[in-house]
Asker: 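Dropping a structure here in structure tokens format, bear with me for questions.
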Amino acid sequence: MSKRKKSLKSTIWGGRFVGETSDNLIKFNSSIDFDKKLYTQDIEGSIAHAEMLSKQKIILKKDFLEIKSGLLKIKKEIETNKFKFRIELEDIHMNIESRLIELIGESGKKLHTARSRNDQVVTDFKMWIRSDLDSISELLKELQKELISQAEDNYEALMPGYTHLQVAQPITFGHHLLAYVEMFGRDRSRIQDCKNRMNECPLGSAALAGTSYPIDRNFVAKKLNFSSPTRNSIDSVSSRDFAIEYLSVLCLIGVNLSRIAEELILWSSNGFNFIVINEEYTTGSSIMPQKRNPDAAELIRGKSNRLVGNLVNLTNLLKGLPLAYSKDLQEDKEPVFDSSENIKNCLLNMIGIIKSLKINKNKMLKALQKGFPTATDLADYLVTYLNIPFRDAHKITGKIILLAEEKDCSLDELLLEDLRSIEPKIDSNIIKSISISSSILKKSSFGGTSPRLVLKAISEAKRRYL
Ligand code: ARG
């Protein structure tokens, strides 16, 4: 143990310390178990930094070339599981730097010129989040594709639309699915906003004050695909709003996924029976042989909780922190990594569920025949054909519903004379007005559920999202 600590002292900050760090703190302080995920970004960032140092004649070209090949060798070691991560070297940055010095000696010791771990870690983290956002956006696109394809197969499949989970009006299944396509479309545009805003490079801000070396921050920013360097060195190393924004984008995706998951769970239950979730995405019960449970959808609903939790976690972490860097900020990574892993698993499972979903059109239609879904159409008939003001029409329709309830029949099963006993002006035009098929055809206002519009919306969605 003391041997390992000696090597730590000699390579990094050994100079100022006479005693040894407590084992308790070594374990407590170490983030390598989770921040090793940043190794690619750390190496890429270090290569760009070293190249800039050499271009600016702060180090020799030979140093840069040795640093670069050493770092690439380390990358290979990590990727082939040959790299020995050491907790006493705290984090990915010091693990890589120490190994570099081990491998190439003197030139390796020059890499950390004109930078600090404070600007290094936030640069790595931004690069990691940026690329993660791209993968999440791709998965969202894939999900939109499957939703659009199901919508296309079911653009005129009738189902009850609900408000308060009570039958409200006829809609098509395709129209309902396209609602989620829009929601996930906004999630993708939030991803883009988040990426645009965060894409400024902190490297070169050093510990907090900038540096006295003649560095070229624009060069590094460009090398690492940032749109520019950050403008304030203190802000650079203190801020994590980009990570909070990332978590809030993921939180909203999680909430949207949770809502569709909830609907899939309901629709596949015995009471509804609207859909069948493919076996691949369900599990059995250890005791009840008949059961087929929608576990994937339930877990998607359940996982959204941690996406909310991680957002709250990081938001609270930040609110009391004075500028600039404090070690509390090391706590920024786990919520981000956790949300990332979970949202991707949720998306993969949801894509699979939607892709293999089977629809029971008959059950949907049956459910639509209960609950007077065309009551609004009846009121609209009274307005349009009989010139009755909408408020009065609403009241008259209410009375007709009561009558139908009494007779235990649907609206179109009522006889004309029954209807006329409530409103004598009612004529035979009412029949076509209150049928489900005419109700759906007439919902042709922009964004409405008529199958013709749904087809149009599908081709628009393809153009906009795929
Ligand atoms: N592992 C640290 C983190 O994740 C790196 C930065 C450390 N900086 C420092 N001044 N101790 O935040």
Side-chain angles (χ1 to χ4, degrees), residues 5 8-9 11-17 20-22 24-46 49 71 74 78 83-101 111-132 198 201-211 220 224 230 232-244 246-247 310 313-340:
K5 272 187 273 173
L8 164 68
K9 277 202 291 175
T11 52
I12 307 288
W13 56 56
R16 193 239 176 275
F17 282 72
E20 302 207 323
T21 316
S22 140
N24 293 330
L25 179 58
I26 290 179
K27 280 190 212 141
F28 193 45
N29 206 19
S30 165
S31 54
I32 189 63
D33 283 347
F34 52 85
D35 67 18
K36 57 169 84 139
K37 263 194 178 20
L38 299 175
Y39 80 91
T40 320
Q41 291 75 18
D42 198 66
I43 287 171
E44 205 186 321
S46 288
H49 178 70
L71 287 170
I74 290 171
I78 296 176
F83 191 91
K84 233 182 128 303
F85 291 105
R86 290 161 55 187
I87 67 157
E88 66 276 19
L89 290 174
E90 269 192 50
D91 53 26
I92 187 65
H93 324 293
M94 297 216 289
N95 266 273
I96 290 179
E97 190 187 335
S98 299
R99 178 69 182 137
L100 183 69
I101 294 168
L111 171 62
H112 212 55
T113 317
R115 78 172 185 189
S116 144
R117 271 187 301 156
N118 296 352
D119 56 340
Q120 188 182 353
V121 68
V122 71
T123 304
D124 295 357
F125 201 32
K126 277 188 164 186
M127 286 163 65
W128 190 92
I129 288 185
R130 190 176 65 182
S131 104
D132 199 54
M198 72 181 278
C201 182
L203 207 59
S205 300
L208 80 164
T211 173
V220 175
L224 299 176
T230 48
N232 180 296
S233 59
I234 301 173
D235 170 47
S236 306
V237 294
S238 316
S239 295
R240 295 294 184 274
D241 52 321
F242 65 89
I244 293 183
Y246 165 90
L247 288 176
N310 288 334
N313 175 352
L314 189 55
T315 310
N316 279 340
L317 178 80
L318 217 62
K319 79 177 180 59
L321 279 190
L323 309 188
Y325 181 86
S326 300
K327 197 58 176 263
D328 314 45
L329 288 174
Q330 182 165 283
E331 290 286 306
D332 60 358
K333 285 166 214 67
E334 283 165 295
V336 162
F337 293 154
D338 183 73
S339 285
S340 162

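In this chain, residues are counted from 1 in sequence order. Atoms within each ligand, like the ligands themselves, are counted from 1 in listed order.
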Asker: Would you mind listing which atoms of ligand 1 come within a distance below 4.0 Å of any non-hydrogen atom of Lys333?
Answerer: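 Answer, ordered by atom number: 3 (C), 4 (O), 12 (O).
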
Asker: Less than 3.5 Å between some nitrogen or oxygen of Gln330 and one of ligand 1, yes or no?
Answerer: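 Yes, at least one N or O pair falls under 3.5 Å.
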
Asker: Can you confirm whether Leu38 sits close enough to Lys333 that some side-chain heavy atom of one is under 4.5 Å from a side-chain heavy atom of the other?
Answerer: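 In contact.
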
Asker: Going from CD1 on Ile244 to NZ on Lys319, what distance comes out if it is rounded to the nearest 0.5 angstrom?
Answerer: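 Spacing of CD1 (Ile244) from NZ (Lys319) equals 11.5 Å.
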
Asker: Verify salt bridge (Lys or Arg N to Asp or Glu O under 4.0 Å) between Lys327 and Glu90, making sure each step is shown before the conclusion.
Answerer: CA-CA 12 Å; Lys327 197 58 176 263; Glu90 269 192 50; 2.9 Å; yes

Asker: Hey, does the side chain of Thr230 reach the backbone of Cys201 with a donor-acceptor pair shorter than 3.5 angstrom?
Answerer: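 At least one qualifying donor-acceptor pair exists.
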
Asker: With a cut-off of 4.0 Å, which atoms of ligand 1 are near a heavy atom of Ser31?
Answerer: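 In order of numbering, the contacting atoms are 1 (N).
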
Asker: Can you sort out the partners of Asp42 under salt bridge (Lys or Arg N to Asp or Glu O under 4.0 Å), two or more places apart, ordered by chain and number?
Answerer: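 With sequence neighbours excluded, Asp42 shows a salt bridge (Lys or Arg N to Asp or Glu O under 4.0 Å) to no residue whatsoever.
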
Asker: So, is Tyr325 polar-close to ligand 1, with some N/O to N/O distance under 3.5 Å?
Answerer: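 Yes - when backbone and side-chain N and O of Tyr325 are compared with those of ligand 1, one distance drops under 3.5 Å.
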
Asker: With atoms numbered from 1 as shown, which atoms in ligand 1 lie under 4.0 angstrom from a non-hydrogen atom of Asp91?
Answerer: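 This gives 1 (N), 2 (C), 5 (C) as the contact atoms.
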
Asker: Is there any N or O on Glu90 that sits under 3.5 Å from an N or O of ligand 1?
Answerer: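 Between Glu90 and ligand 1 (N or O atoms, distance only) the closest approach is not under 3.5 Å.
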
